[in-house]
There are 2 protein chains.
Amino acid sequence: MTSKKPTIDDVARRSGVARVTVSRVLNGGPNVRDEVRAKVMQAVAALDYKVNPQARTLAGGASRLLALLFASDLEAEPNSFYQSALELGALRGCVALGYQLLTHHIPEQSADRIRQIVDVIATQRCDGLILTPPFSDDVDLISEILRLKCKVVAISAGGAGRALVDSIGIDDEKGGYDIARHLLALGHRRFALIAGIAGHLSADQRHDGLMRALAETGLGAEAVVWKRGDFTFRSGVELASGLFDDPLGPTALICANDDMAAGALSAAHARGIVVPEQLSITGFDDTPVSAIVWPPLTTVHQPLKIMGERAVRRLVHSLTNGGAGADEPLGRFERLDHRVVVRGSTSAV
Amino acid sequence: MTSKKPTIDDVARRSGVARVTVSRVLNGGPNVRDEVRAKVMQAVAALDYKVNPQARTLAGGASRLLALLFASDLEAEPNSFYQSALELGALRGCVALGYQLLTHHIPEQSADRIRQIVDVIATQRCDGLILTPPFSDDVDLISEILRLKCKVVAISAGGAGRALVDSIGIDDEKGGYDIARHLLALGHRRFALIAGIAGHLSADQRHDGLMRALAETGLGAEAVVWKRGDFTFRSGVELASGLFDDPLGPTALICANDDMAAGALSAAHARGIVVPEQLSITGFDDTPVSAIVWPPLTTVHQPLKIMGERAVRRLVHSLTNGGAGADEPLGRFERLDHRVVVRGSTSAV
DNA sequence: CGCTTCTATGGAAGCGCTTCCAATTCCCTT
DNA sequence: AAGGGAATTGGAAGCGCTTCCATAGAAGCG
């Protein structure tokens, strides 16, 4: 049928140069005359030649493979939209830069999560890792990965992660502050908060922001009751249900992500509580979930796709620039803009 | 720091056999004495040796790389839960079988979708492809892929795809029939249908099933008004909005997937139409969306994760069994069970 | 104008693994 | 007990690419 795929030698032969020269052209190496470069490129086009990534890896040592790690059980429902958005962004970056992306879901609570992740690095030979919360702040995990000389970029790392590796995220404290300001402006004074899991530092920062906003308005810790959820719809349902009994309960419920807000909304519906008239609810992330539910959620937009793409670019950058040891300031945090998106789930008290 | 990674030669040396023998053990080859096999395995464990997949690919010709293809624009919101479920299942299968999975999103309408996909095969050198609708029925595309000698398994292929390649799916016609029977039993007689895009054959089969159920009850085409959506929440909102004006309009709205049903539900809320009292709405797929909205959707459960995993297994099977030409009946369809999940969005008329 | 210093190119040596084929050993046959 | 086939093992040859080092010219310099 179709003849064998062309190799670098075919290109070399056709353009009348040595194999190394073709390799140089392909890798943008220096010291190649424009004339020769053009001749090679032409042969590449004519033969529809594509480098064999496996051969390149074997010879060159770099696999051009990146892994995106999520903390979720394969069996459980994933925090799907959040993850998809990051993945899509990362994929976009990989396609643009000629890298490949592997996605892995690791049960977060498992004691051997570190072993599993190290295994991914060892088995798949990927040379860069993108960590998502709460792995982004898992100091033990990160140290172990760095020990293996694997490059890392963390998404939404809190203080712990930021100190160790490059990271990308929004100003979560400010995000929490902003959403609180929105509710305070609407006249709310009694709040409930469904926070994230312990160890998810960026979500805790949103909590801090909320408290700062309250303090500015002269309110203290007594103005808010809070619990920790696990970011799933289900936990939103369960935790919200406990809030509806007190007649002097909160008038506004702030959730650490959209899924839990959707769950809270569902619980409210089930109890006949009208949102937002009787209770305002807010989410976080601005995933499609916030637009799908009724009423649509007021939430904080987080540029997840861009975060995914930036993560890849940062990783590739540090991979190709040899990460010149000292001059590469490890642990740089890149802040992206967020914004409050007001929809129908909040109203004046 | 850590010494170089151990190679197959290290294992060979440590266990006192030749490199080939280690290779045989690693690949489950025949003709190795149990005693030798054990000795090698022990050395592997002692050295914490992992095969280098790139080297294996280069030498062996098989990349052990599978690609999962989705038809969606990177910029548009993905049909996230549907895709995530398939991906998760496929990932599970890959991990179990020692393969790697690459996910790609190709804009479906783009004229050069075939070129893009062929490029994926050529550039990434993956040796198996998992197609999702509507690629599953894209005869031109499939023919081209087969011409490249790349193995394919299609998810939810309709007649066109099933004839060409191995495929996995539920009995969509029966799914449509079942959901219609559910509504008919509740007394509904006037229906609306938000169908899928043209060319998405499995979704069309659900339409056929609906018509069959209606016919059995003595109803004809006049009992249902229908339109085509594109499976997005947005299209559900838009298409449903047009249905609410006629006082003698449908009492039940059947949607070809959950996202469009959620959109329709949202549109109903916006118009003050109470679901299910004034209008019953059904979805399809049983993605988490169906549980997140209010009222939760009656829908048809499709075992997406299992479908993803089975797709990988089928692919790997045909890859490793050399696909012995004749005896391998190409185009085998594997049917998985579906079931109607009754939730709050449907009630008696 | 002879000498060093670049700049452009090519030769050779593998990267770690598998496949092909030859060599050895073993176990049955007759 | 000798011959034959099957079961085991190893040697050698790459897979397609990059890296290291050597080789020419071209260019710079006193």
Side-chain angles (χ1 to χ4, degrees), chain A residues 3-41 43-44 47-65 98 100 122-125 127 319-320 322, chain B residues 3-41 43-44 47-65 98 100 122-125 127 319-320 322:
Chain A
S3 50
K4 292 295 296 166
K5 289 203 170 113
T7 74
I8 194 173
D9 286 321
D10 296 323
V11 176
R13 210 168 303 121
R14 193 177 216 277
S15 43
V17 300
R19 187 200 296 177
V20 255
T21 303
V22 176
S23 176
R24 258 180 218 114
V25 171
L26 259 24
N27 294 292
N31 303 348
V32 181
R33 274 182 306 151
D34 289 347
E35 176 195 331
V36 173
R37 185 183 305 277
K39 205 164 51 179
V40 170
M41 292 302 253
V44 165
L47 294 171
D48 191 31
Y49 167 77
K50 314 271 194 231
V51 296
N52 179 322
Q54 279 83 22
R56 167 181 280 179
T57 297
L58 188 55
S63 68
R64 290 176 178 247
L65 250 187
Q100 298 186 172
T123 304
Q124 327 247 3
R125 315 268 160 152
D127 39 37
L319 239 26
T320 49
Chain B
S3 49
K4 291 296 296 166
K5 288 203 171 115
T7 74
I8 194 172
D9 286 322
D10 297 322
V11 176
R13 209 168 304 121
R14 193 179 216 277
S15 45
V17 300
R19 186 201 296 178
V20 253
T21 304
V22 176
S23 176
R24 259 181 218 112
V25 171
L26 259 23
N27 294 292
N31 304 346
V32 181
R33 273 182 307 151
D34 289 347
E35 177 195 330
V36 173
R37 184 182 306 276
K39 205 165 52 181
V40 170
M41 292 303 253
V44 166
L47 295 171
D48 190 30
Y49 166 77
K50 314 270 194 234
V51 296
N52 178 321
Q54 279 81 23
R56 167 181 280 178
T57 296
L58 189 55
S63 68
R64 291 177 178 245
L65 249 188
Q100 298 185 174
T123 304
Q124 326 248 1
R125 316 269 160 151
D127 39 37
L319 241 25
T320 49

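Chain A is the first sequence line, chain B the second, and so forth, proteins listed ahead of strands; every chain is numbered from 1.
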So, for A:Ala55 and B:Leu58, which heavy atoms are closest and what is the spacing to 0.1 Å?
CB-CD1, 3.6 Å

Set of residues satisfying salt bridge (charged side-chain N to carboxylate O under 4.0 Å, His left out) with respect to B:Arg14, sequence neighbours excluded:
none

Contacts of B:Gln124 that satisfy side-chain hydrogen bond (donor to acceptor under 3.5 Å, both in side chains) - sequence neighbours left out
B:His104

Considering only nitrogen or oxygen atoms on both sides, find all protein atoms under 3.5 Å from nucleotides 13-15 of chain C and state each distance.
{"residue": "C:dC15", "atom": "O2", "partner": "A:Leu58", "partner atom": "O", "Å": "3.3"}
{"residue": "C:dC15", "atom": "O2", "partner": "A:Ala59", "partner atom": "N", "Å": "3.2"}

Sequence-distant partners of A:Ala18, side-chain contact (heavy atoms from CB on, under 4.5 Å), two or more places apart
A:Val20, A:Thr21

Under-3.5 Å N/O pairs linking protein and nucleotides 21-25 of chain D:
none

Checking the side chain of A:Ser15 only, and the main-chain atoms of A:Val11 only, is there a donor and an acceptor separated by less than 3.5 Å?
yes

Quick one, which residues of residues 26-38 of chain A touch DNA chain D with a heavy atom under 4.0 Å?
A:Asn27

Residue pairs passing the salt bridge (charged side-chain N to carboxylate O under 4.0 Å, His left out) test where at least one lies in residues 20-34 of chain B, sequence neighbours excluded:
B:Arg33-B:Glu35

Would you please confirm or rule out a distance under 4.0 Å between OP1 or OP2 of D:dG10 and any side-chain N or O of B:Thr21?
yes

Taking the axis from the first five pairs and the axis from the last five, what angle separates them in the helix from C:dC1-D:dG30 to C:dT30-D:dA1, rounded to 10 degrees?
30°

Could you list the residues that satisfy side-chain contact (heavy atoms from CB on, under 4.5 Å) with A:Val51, not counting sequence neighbours?
A:Leu26, A:Tyr49, A:Arg56

For B:Ala18 and for B:Thr57, locate the closest nucleotide of DNA chain D by heavy-atom distance; then report the residue assigned to the nucleotide nearer the 5' terminus.
B:Ala18

Sequence-distant partners of B:Arg64, salt bridge (charged side-chain N to carboxylate O under 4.0 Å, His left out), two or more places apart:
none

A:Asp10: partners by side-chain contact (heavy atoms from CB on, under 4.5 Å), with sequence neighbours left out:
A:Pro6, A:Thr7, A:Arg13, A:Leu47

Kindly write out the residues that satisfy side-chain contact (heavy atoms from CB on, under 4.5 Å) with A:Arg125, not counting sequence neighbours, or none if the list is empty.
B:Lys5, B:Lys50, B:Asn52, B:Pro53, B:Gln54

A:Lys39 NZ to C:dT9 C1', in whole Å, measures 11 Å

One should read off an interatomic distance between B:Arg19 CZ and B:Asp9 CG, to the nearest 0.5 angstrom, of 4.0 Å

B:Ser23 side chain near C:dC17 phosphate (N/O to OP1/OP2, under 4.0 Å)
no

